[in-house]
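We count residues from 1, following the sequence as given.
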Amino acid sequence: MEEKFDPVIVAFVCNWCTYTAADLAGTSRLGYPKNIRLIRVMCTGMVDTQYIIKAFLEGVDGVLVSGCHPGDCHYINGNFKARRRMKLLKTILPQFGIEENRLRLTWIGASDGIEFAETMQRLVDQIKELGPNPARSQQII
């Protein structure tokens with residue numbers, strides 16, 4: 001009998017936009033998967049790639065970085081920094097044996113509670129298709 005795979009996903013979310021959208025989704029009673037572990041950061045530009053790599057190496061199945069739409073950052077250009085970092089990180093992850101599709105960058109505004117819930121569901125579905133993170137069962141480094 002095969003055990004059902006239930007992915008663990010860490011989401012680094014911007015305090016000003018995506019976290020507010022998550023709060024709106026909750027107060028609007030919109031359901032989204034319980035697999036998501038939100039980590040509230042002041043800006044996506046503050047998310048260091050080390051945190052993401054460490055999460056993957058410790059067995060997290062997927063990582064989401066989500067913040068304000070480009071041009072709407074409360075810290076001027078934080079989301080542009082995040083976009084550059086995520087693009088670079090997607091080229092580095094395969095060296096650790098981690099598929100680049102396990103990392104996602106999205107822009108979700110404060111009033112987009114419905115979009116937040118839908119994005120979380122799509123992310124969980126995508127990670128379920130990929131299966132468990134290979135680092136769960138083996139020591140990569």
Side-chain angles (χ1 to χ4, degrees), residues 2-141:
E2 199 173 300
E3 191 175 314
K4 184 182 173 206
F5 170 58
D6 199 22
V8 175
I9 299 169
V10 171
F12 295 95
V13 297
C14 162
N15 176 64
W16 304 104
C17 286
T18 306
Y19 188 81
T20 306
D23 189 43
L24 178 61
T27 57
S28 301
R29 299 186 188 272
L30 300 173
Y32 59 90
K34 63 180 176 27
N35 317 51
I36 312 291
R37 307 293 186 263
L38 296 180
I39 298 176
R40 184 163 126 183
V41 296
M42 293 308 288
C43 178
T44 55
M46 300 172 86
V47 178
D48 194 315
T49 54
Q50 292 180 65
Y51 304 145
I52 297 168
I53 292 171
K54 183 173 177 18
F56 280 126
L57 293 178
E58 289 187 3
V60 168
D61 298 303
V63 173
L64 171 74
V65 177
S66 185
C68 304
H69 292 278
D72 289 339
C73 180
H74 281 69
Y75 299 97
I76 315 297
N77 61 358
N79 44 24
F80 292 112
K81 290 179 186 176
R83 184 167 52 190
R84 283 193 305 269
R85 287 180 184 154
M86 295 310 110
K87 186 175 181 179
L88 177 63
L89 187 56
K90 282 186 172 230
T91 64
I92 295 171
L93 285 177
Q95 295 175 17
F96 293 98
I98 299 164
E99 301 98 331
E100 68 177 57
N101 293 341
R102 293 184 181 277
L103 173 64
R104 183 179 290 179
L105 175 66
T106 62
W107 313 121
I108 300 175
S111 62
D112 295 334
I114 295 170
E115 183 181 345
F116 175 83
E118 291 172 351
T119 300
M120 296 305 114
Q121 187 59 57
R122 283 193 307 269
L123 179 61
V124 169
D125 293 343
Q126 177 187 358
I127 299 300
K128 280 184 178 180
E129 285 180 26
L130 290 172
N133 179 355
R136 269 191 185 190
S137 60
Q138 60 187 352
Q139 185 70 26
I140 292 182
I141 291 183

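- With rounding to the nearest 0.5 angstrom, the CD atom of E115 is 9.0 Å from the CE atom of M120.
- Within the structure, the side-chain hydrogen bond (donor to acceptor under 3.5 Å, both in side chains) test picks out the following pairs touching residues 56-80 (sequence neighbours left out): W16-Y75, T18-S66, K54-E58, D61-R136, S66-T106.
- In this structure, the side chains of Y51 and V63 stay at 4.5 Å or more apart for every pair of heavy atoms.
- C68 and C14 get closest at one heavy-atom pair: SG-SG, 3.5 Å.
- Using a 4.5 Å heavy-atom cutoff, the side chains of M86 and I52 are in contact.
- Atom CZ of F56 and atom CD1 of I53 lie 9.5 Å apart (nearest 0.5 Å).
- The number of heavy atoms from other shown groups lying within 6.0 Å of CD1 (I92) is above 12.
- Side chains of L93 and R102 form no contact here, defined as non-hydrogen atoms less than 4.5 Å apart.
- Although no hydrogens or angles enter the test, the distance criterion places no donor-acceptor pair under 3.5 Å between the side chain of D112 and the main chain of A21.
- From E99, atom CD reaches atom CG of L130 across 5.5 Å, with rounding to the nearest 0.5 Å.
- The structure places CG of L103 at 5.5 Å from NZ of K90, a figure rounded to the nearest 0.5 Å.
- At a threshold of 4.5 Å between non-hydrogen side-chain atoms, the residues T44 and R85 do not count as touching.
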